[in-house]
Amino acid sequence: MNAQAQMNQQGKKPKTAITPTREENFPEWYQQVIKAADLAENAPVRGCMVIKPYGFALWENVQRALDDMIKEEDVQNAYFPLLIPLSFISREAEHVDGFAKECAVVTHHRLEKGPEGGLVPAAGAQLEEPFIIRPTSETIIGDSMAKWVQSYRDLPLKLNQWCNVMRWELRTRMFLRTSEFLWQEGHNAFATPEEANEDARKMLEVYQKLYRDWMAMPGIPGEKTADERFPGADHSYTYESMMQDGKALQACTSHNLGQNFSKSFGIQYQGEDGQTHHAYTTSWGLSTRSIGGLIMTHSDDDGLIMPPKVAPHQVAIIPVLRDDSGKATVIEFCRKLKESLKEKGVRAFLDESDARTPDKMWGSIKKGIPVRVEVGAREVEEGTVTWVRRDIGRDSKTSGTVDAFINEVPNLLAQVHQALYERAETFTRENVTDVSGLDEIKQFYAAGGFGFVRADKAVLDDPGLEAVQKEFSITSRCLPFEDDGQKVIIGKSY
RNA sequence: CGGGGUGUAGCGCAGUCUGGUAGCGCAUCUGCUUUGGGAGCAGAGGGCCGGGAGUUCGAAUCUCUCCACCCCGACCA
C-alpha cells in the first residue's frame, strides 16, 4: 500500500525486501517472509518444520501470555502421554471418524538389522496393541478424568497441557498446517451442562483477549455450523480471523463436548442427590498456527511486522558507524541505551555485527522489530537518537534526546500495537459484505468478490448452498455472536 | 489422495527442448575506496545439478523409478 503510493509518485516500482509482493503471489510471499525473518524452515521429515530461535521466541511469548491467562481461570497444567492406546481413539464414534484418517501409528518397539542391511522394525517386537501418536488428547485425558472424578466435590476439574500433536496432513504449510505442531489443549469437566457451555464460551473469550491485546489480531467470534464442528462436540466455538488475502483462519477453537466423552470414558460422579451422573466436558486449543495468522495479518512487502507485546525484540538499536575511530564510543553509547531500555522492561536488541548500516537496518525491518533506533557519532555527540516505527517506515523518523526516547518507548510500542490492530480491524470490517441470500453469494464470488459474506443463517438450509460452496471453494466460517447466531459468515479459508 | 509445477552454491535463477570441462545475480571471504534507507572497483572461495537405476564413448540434459517442496482440488481441530 505504501509501496503503491511510492510507485505512483516515482513512476517506478520501489524495491521491496520481499519478492514476490503480496499482490503478485500471496502464498509465495508468505514463505519468503518466514525465511527472511528467520522464523522457521522445512525439516527433513515430510510436513514438519524446524522452528528457529527467533520464531520460537515469538511462540514462547504467546505461550507465556496465554499460560498466565489460563491459570487466571483456575486451570492447572499437567502432562499426558504422547502415545495413546489405539482402542481409546475408537471409543467415541464421531471422534474416530474425524481422526482415523490422519493418525500416525506405532507398531513396534525394537529395530533389527534387515536382510538388505539397514534397520527394520523387528518382527518379534510387534506391539500387542498399537499406539497412535496423539492427534489430540480428549481420549487419554478422559481416561484419567474418569479415575479422578468420583464425587461432585471433584468438579469442576480443569486441566491444560502444552504439547506437540501429530496429524498426517495431506497438504501442509509452515505454521498454518504442519503434520506435527505445538499447542495447548485444555480439558475441563463440570457437573452441569450450563457450566460446561459457559466454560467453552469463557475460554474463547480468553483466546480473543490474547489475539486482541497481545497479537493485535481482530477476528469474528462465533459458533461453528454443524458440519464444521469438532468431531465429538455438541458445540464448537471459533475466532475467525481475516488474512490479508481475504481468506479466513480459524485461529483457535473451544468445544462444548456435552456428555459425549464422559459417556465413552466413564467420567461419572456421585451428586449431592446420591445418584451417579455423567460429567459435562469441554476442550479448547490454540496452536502454532496462531503464528501463521500473525504473519499473514500484519506483515508487508518488506517482511514481518511484529506486534510489540509478543515481539522477541521490541526495539532494535542500530549503530551507524563511519569508521573505526568513533566505533567504540558509539557502541558504548548503544550498550548504555540497551541497559536503560532493559531497566524500563523493554526488550531491546543491539546489532553489534559489523554488517554495513543499511544491511543492519533491513535486517531489523525483515524481522519486524517494532521500533528501530539509529545511533551514530552525531547522536552520541549531541546526546540524541533517531527512531523509526516499523509499521509506518521512514516517514515516522523522529529525533530527540535519549531520555525523551526512553520515556517515549512504552508509548511508542502501545501506538504500534494500536495501529496494527486498527488497520487489521478496518480491513476486516471493509471486507465483510452483507448479502441477502444464495443468489447474491453466488454473484459476489462469481464477480471476483474479496473477503467474507454475511447472510441470514436461513441460507444454510438452502439446498443449493452445497453446490455454490463447492464452485467457489467457500465454507461457512461461523455464526457470529454479535448477530445472536442469526447470521452466518461465509468465505474461503485456510 | 487426484491434477499441475519445481528440485542446479546460503538465497533467487539460467542452462535441459537439440547430451560434450557447471554458469549468472545477490550473499560470503580479501584488499582499497565508501558510509544516516539496500555503495564502487579488483580478486577469491563455495556444487555428488534431490536420490537410485538405466541408455550412451560421454548425462544437470534422454528413459524409468523413488523422495521432497509449491499451487489448485478433495480432505481436514
Using a cut-off of 4.0 Å on non-hydrogen atoms, how would the nucleic acid contact of [X] be classed: base, sugar-phosphate, or nothing?
X: A:Tyr494; answer: nothing
X: A:Pro231; answer: sugar-phosphate
X: A:Thr253; answer: base
X: A:Thr19; answer: nothing

Only counting residues at least two apart or in another chain, list the ones meeting side chain to side chain contact (heavy atoms under 4.5 Å, CB included) with [X].
X: A:Lys209; value: A:Met69, A:Arg212, A:Asp213
X: A:Thr398; value: A:Trp387
X: A:Lys338; value: A:Ile317, A:Ala348, A:Leu350
X: A:Asp403; value: A:Thr401

Who pairs with [X] by side-chain hydrogen bond (donor to acceptor under 3.5 Å, both in side chains), at least two apart in sequence or on another chain?
X: A:Asp302; value: none
X: A:Lys247; value: none
X: A:Ser144; value: none
X: A:Thr384; value: A:Glu382

What's the gap between [N] and [M] when it is taken at their [atom1] atoms, as a whole Å value?
N: B:C70; M: B:C11; atom1: P; value: 15 Å
N: B:A68; M: B:G25; atom1: P; value: 35 Å
N: B:G50; M: B:G31; atom1: C1'; value: 38 Å
N: B:U16; M: B:U63; atom1: P; value: 14 Å
N: B:C75; M: B:A14; atom1: C1'; value: 38 Å
N: B:C71; M: B:U30; atom1: P; value: 39 Å
N: B:U61; M: B:U55; atom1: C1'; value: 13 Å
N: B:G15; M: B:C62; atom1: P; value: 12 Å

Q. Pick the nucleotide of RNA chain B nearest each of A:Gly47 and A:His255; which residue has the one closer to the 5' end?
A. A:Gly47
Q: By nearest nucleotide on RNA chain B, pick out whichever of A:Thr475 and A:Cys48 is the more 5' one.
A: A:Cys48
Watson-Crick or G-U wobble mate for [N], both contacts under 3.5 Å:
N: B:C17; answer: none
N: B:C49; answer: none
N: B:C62; answer: B:G54

Q. Can you check whether A:Arg46 has a side-chain N or O nearer than 4.0 Å to OP1 or OP2 of B:C67?
A. no
Q: Would you mind building the protein contact string for nucleotides 40-51 of chain B? One character per nucleotide, 5' to 3', B for base within reach (heavy atoms under 4.0 Å), S for sugar-phosphate only, - for untouched.
A: ------------
Q) Got more than 12 heavy atoms from elsewhere within 6.0 Å of CD, A:Glu471? A) yes
(Q) If you count heavy atoms of other groups shown closer than 6.0 angstrom to CH2 of A:Trp168, is the number above 12? (A) no
(Q) Taking salt bridge (Lys or Arg N to Asp or Glu O under 4.0 Å) as the definition, give me every residue that meets it alongside A:Arg356, ordered by chain and number, with sequence neighbours left out. (A) A:Asp359
Under 3.5 Å, which protein N or O atoms sit close to an N or O of nucleotides 36-39 of chain B? Give each pair with its distance.
from: B:G36; atom 1: O6; to: A:Arg378; atom 2: N; distance (Å): 3.4
from: B:G36; atom 1: O6; to: A:Glu379; atom 2: OE1; distance (Å): 2.8
from: B:G36; atom 1: N1; to: A:Glu379; atom 2: OE1; distance (Å): 2.4
from: B:G36; atom 1: N1; to: A:Glu379; atom 2: OE2; distance (Å): 3.0
from: B:G36; atom 1: N2; to: A:Glu374; atom 2: OE1; distance (Å): 3.4
from: B:G36; atom 1: N2; to: A:Glu379; atom 2: OE2; distance (Å): 2.9
from: B:G37; atom 1: O2'; to: A:Arg394; atom 2: NH1; distance (Å): 3.0
from: B:G37; atom 1: O6; to: A:Arg372; atom 2: NH2; distance (Å): 3.0
from: B:G37; atom 1: O6; to: A:Arg394; atom 2: N; distance (Å): 3.4
from: B:G38; atom 1: O4'; to: A:Trp362; atom 2: NE1; distance (Å): 3.0
from: B:G38; atom 1: O6; to: A:Ala17; atom 2: N; distance (Å): 3.3
from: B:A39; atom 1: OP1; to: A:Arg356; atom 2: NH1; distance (Å): 2.7
from: B:A39; atom 1: OP1; to: A:Arg356; atom 2: NH2; distance (Å): 2.2
from: B:A39; atom 1: OP2; to: A:Arg356; atom 2: NH1; distance (Å): 3.4
from: B:A39; atom 1: N7; to: A:Arg356; atom 2: NH1; distance (Å): 3.2

List, with names and distances, any nitrogen or oxygen atoms from the protein found under 3.5 Å away from nitrogen or oxygen atoms belonging to nucleotides 2-12 of chain B.
from: B:G12; atom 1: OP1; to: A:Lys35; atom 2: NZ; distance (Å): 3.0

Q: Could you tell me if the ring centre of A:Phe481 sits under 6.0 Å from that of A:Tyr237?
A: yes
